[in-house]
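Each chain gets a letter, A, B and so on, in the order the sequences are listed, and its residues count up from 1.
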Protein chains: 2
Amino acid sequence: MIVKTFAIGKSVMKKSTLIPQYRRLYEILRKHIEEGIYREGDLLPSENELCATYGLTRPTVRHALDELVKDGFIKKQKGKGSIVHSLPKGIGILSVAGTTSALGSLDLETRILVKPEIRPWEEDFFFPLPDHLRESGCIYMERLRLINGKPLFYDITYLPNINLPRFTSRSFENRSLFDTLRTSYQIDVTGGEQRIWAIKVTPEIARYLEMKPEEPVLHLERKIDTNRVGFSFFSSLYCNTSEHALFGVF
Amino acid sequence: MIVKTFAIGKSVMKKSTLIPQYRRLYEILRKHIEEGIYREGDLLPSENELCATYGLTRPTVRHALDELVKDGFIKKQKGKGSIVHSLPKGIGILSVAGTTSALGSLDLETRILVKPEIRPWEEDFFFPLPDHLRESGCIYMERLRLINGKPLFYDITYLPNINLPRFTSRSFENRSLFDTLRTSYQIDVTGGEQRIWAIKVTPEIARYLEMKPEEPVLHLERKIDTNRVGFSFFSSLYCNTSEHALFGVF
DNA sequence: GGATTTAACTTGTAATAACAAGCTAAATAC
DNA sequence: GTATTTAGCTTGTTATTACAAGTTAAATCC
């Protein structure tokens, strides 16, 4: 085989063992899509072109594309190609869609109500907790997310306190918890479970979300699994859907 | 290569071209899981065992297992095996979880309010409609789903009226729309989009769901894509979450 | 010019091979 | 007996090859 010296392909140094090649290509293409190099409806380079460009073989390229499909960045069509979808899938449900305004034009802000701090897990936690998590406590965090200055989400996050160097000192001002875990700690979300209710807003939540009492509010409880065995984290979330719907691609 | 005459593997007849082998293995394992042959927490046979049993190679077997992972039937762990998860992922959100009772013990009933009928698409449909769907009208259906005799879902479904022989005469008493499409028409759900709100129940919906006025109710609007290009269907759903939460695996 | 065929793309399926890395239990050393 | 090592499993990654099948546009025929 003729060895070509490209970005991903097998170079002489073998430090590539850390991160798989399909994952690296995934990150590159994902970045390109998020940066707008490929736009909605565009065709990605064909699999064979990607092979040639990055010095990989088709199974590897296809693996990367499969991940992009799974995460909702592209759709594939036989005989045609990989079509950029651009709507990030988020996790089951995550994004916000206004009735009139486009997503990009929204002024999104995240306010930290309780900075990441280590505390014991709550006694009657809303998901059954494995014992190995109970021992070392959890990283607790409360955030409020606002759109155009109006509060929309009230989000309580619980992470296992194991082996996340410098985590509590990080900033989570932008919606970057998932990105932070992915890029700084190589923790990928692989799935999870969620429960959803429509409830009447409680006085406390109403205060955070600036809602009138008795108004309906969306309540989500989520367990989020990762590729790191035993590392799951949790989120309890309240959302005012009077002006914006929760939007999800699956 | 030594040809073995197993259930899936290449036999002399080549009618196997219709349905891919990984898909057949997927259906077999899925059925086994749903029938309880493999139970929650069990390990599936190893990939090599599945290869030997069904006369397939590892890439094919892995493809089938990947699909099972994607649909939430199993989870894989390196060095260990494929662990049966049993909770079907449904589509984003579908299943119902009671606060106390287990899923299996629930008495589930589906009542048809409006039998499948062909009618034109609504003028201001809640998802943008491709032109090729508009022409041939839609199959319209209203269903009510009850748990222990109490109505829980009110579901309006819209399907494109193209090439579904005998569809309107089928029964949809049990929760089998997705199964029917999958097994009778080889239509697989590949993804979709959904919007979710918590709203105050309208008088009409309150009547169907036997709720008091002003109570919060969950509202979902979903576009569901399939492997058949151009064939997407739609669902508008209202759910009373006062006693049961919507449950989803992703 | 217009309809049809063909050729050159695209992604989808499948077999084969080899090694890496995580997990577990049996074998070994102390 | 207990702790450690090892061997043999498991899934994960990657390359190679070949053909099938859907899409599209150029070439051909009429």
Side-chain angles (χ1 to χ4, degrees), chain A residues 1-4 6 8-11 14-27 29 42-52 54-69 74-84 186 188 190 227-231, chain B residues 1-4 6 8-11 14-26 29 42-69 74-84 186 188 190 227-231:
Chain A
M1 173 202 168
I2 301 170
V3 176
K4 302 174 186 174
F6 282 111
I8 306 183
K10 52 170 71 172
S11 61
K14 260 189 67 171
K15 66 174 178 180
S16 55
T17 25
L18 287 173
I19 299 173
Q21 318 212 69
Y22 78 87
R23 206 76 188 108
R24 290 208 242 168
L25 177 55
Y26 167 91
E27 293 290 351
L29 294 175
D42 280 1
L43 285 181
L44 245 49
S46 78
E47 295 177 355
N48 284 323
E49 282 177 306
L50 291 172
C51 291
Y54 296 103
L56 302 171
T57 55
R58 258 190 89 207
T60 308
V61 168
R62 284 179 63 80
H63 197 166
L65 295 179
D66 282 345
E67 299 286 303
L68 289 170
V69 168
I74 62 171
K75 292 209 168 189
K76 302 183 78 176
Q77 192 181 327
K78 191 200 277 193
K80 200 164 184 194
S82 301
I83 303 152
V84 174
Q186 280 81 49
D188 281 305
T190 53
N227 57 343
R228 196 175 290 191
V229 178
F231 189 92
Chain B
M1 174 201 167
I2 302 171
V3 176
K4 302 174 186 173
F6 281 110
I8 305 183
K10 53 169 73 173
S11 60
K14 261 190 67 174
K15 65 173 180 181
S16 56
T17 24
L18 285 173
I19 300 174
Q21 318 211 75
Y22 79 88
R23 207 74 186 106
R24 290 209 243 168
L25 177 56
Y26 168 90
L29 294 174
D42 280 1
L43 285 180
L44 244 48
S46 78
E47 294 177 356
N48 284 323
E49 283 177 305
L50 291 172
C51 291
T53 305
Y54 296 102
L56 302 171
T57 56
R58 257 191 91 206
T60 308
V61 168
R62 283 178 65 80
H63 196 166
L65 295 179
D66 282 346
E67 299 285 305
L68 288 170
V69 169
I74 63 171
K75 293 210 168 187
K76 300 183 79 175
Q77 193 180 325
K78 192 201 275 193
K80 201 163 184 195
S82 302
I83 303 152
V84 173
Q186 279 82 48
D188 282 303
T190 55
N227 57 343
R228 195 175 291 192
V229 177
F231 188 92

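Side-chain contact check for B:K75 versus B:V69: every heavy-atom pair is 4.5 Å or farther apart. In this structure, the side chains of A:L50 and A:L56 stay at 4.5 Å or more apart for every pair of heavy atoms.
Atom CD in A:E47 sits about 13 Å away from atom C1' in D:dG22, given to the nearest Å. As a whole-Å value, the separation of B:D66 CG from D:dG12 P is 8 Å. Rounding to whole angstrom units, CG of residue B:L44 and P of D:dT11 are separated by 9 Å. Here C:dT10 presents its P atom at 14 Å from CD1 of A:I83, a figure rounded to the nearest Å. The nearest whole Å value for the distance from the NE2 atom in A:H63 to the P atom in D:dA15 is 12 Å. Distance, A:K78 NZ to C:dT13 P: 7 Å, rounded to whole Å. Across the protein-nucleic acid pair, A:R62 atom CZ and D:dT13 atom P stand 16 Å apart, rounded to whole Å. Rounding to whole angstrom units, CD1 of residue B:I19 and P of D:dA20 are separated by 19 Å.
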Side chains of residues 59-66 of chain B: which donor-acceptor partners sit under 3.5 Å, not counting sequence neighbours?
residue	atom	partner	partner atom	Å
B:R62	NH1	B:E47	OE1	3.4
B:R62	NH1	B:E47	OE2	3.0

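Phosphate proximity of D:dT14 to A:Y22: absent, as no side-chain N or O sits under 4.0 Å from OP1 or OP2.
B:T60 comes within contact range of the sugar-phosphate backbone alone, with a heavy-atom separation under 4.0 Å but no base atom that close. Heavy atoms of A:S46 sit under 4.0 angstrom from primed sugar atoms or phosphate atoms, though from no base atom.
Taking B:L43 as the reference, B:I83 meet the side-chain contact (heavy atoms from CB on, under 4.5 Å) condition, with sequence neighbours excluded.
You'll find that the side chain of B:T57 is closest to C:dA15, out of D:dA15, D:dT13, C:dA15. Distances from the side chain of B:E49 to the nucleotides D:dT11, D:dT10, C:dA14 place D:dT10 closest.
Positionally, the nearest nucleotide of DNA chain D for B:P45 lies more toward the 5' end than for the other of B:P45 and A:K80. Both A:Q77 and A:P59 sit near DNA chain C, but only A:Q77 has its closest nucleotide nearer the 5' end.
A donor-acceptor contact under 3.5 Å is formed by the side chain of A:R58 with the base of C:dG12.
One distance of note links CG of A:L29 with OH of A:Y54; it measures 5.5 Å at 0.5 Å rounding.
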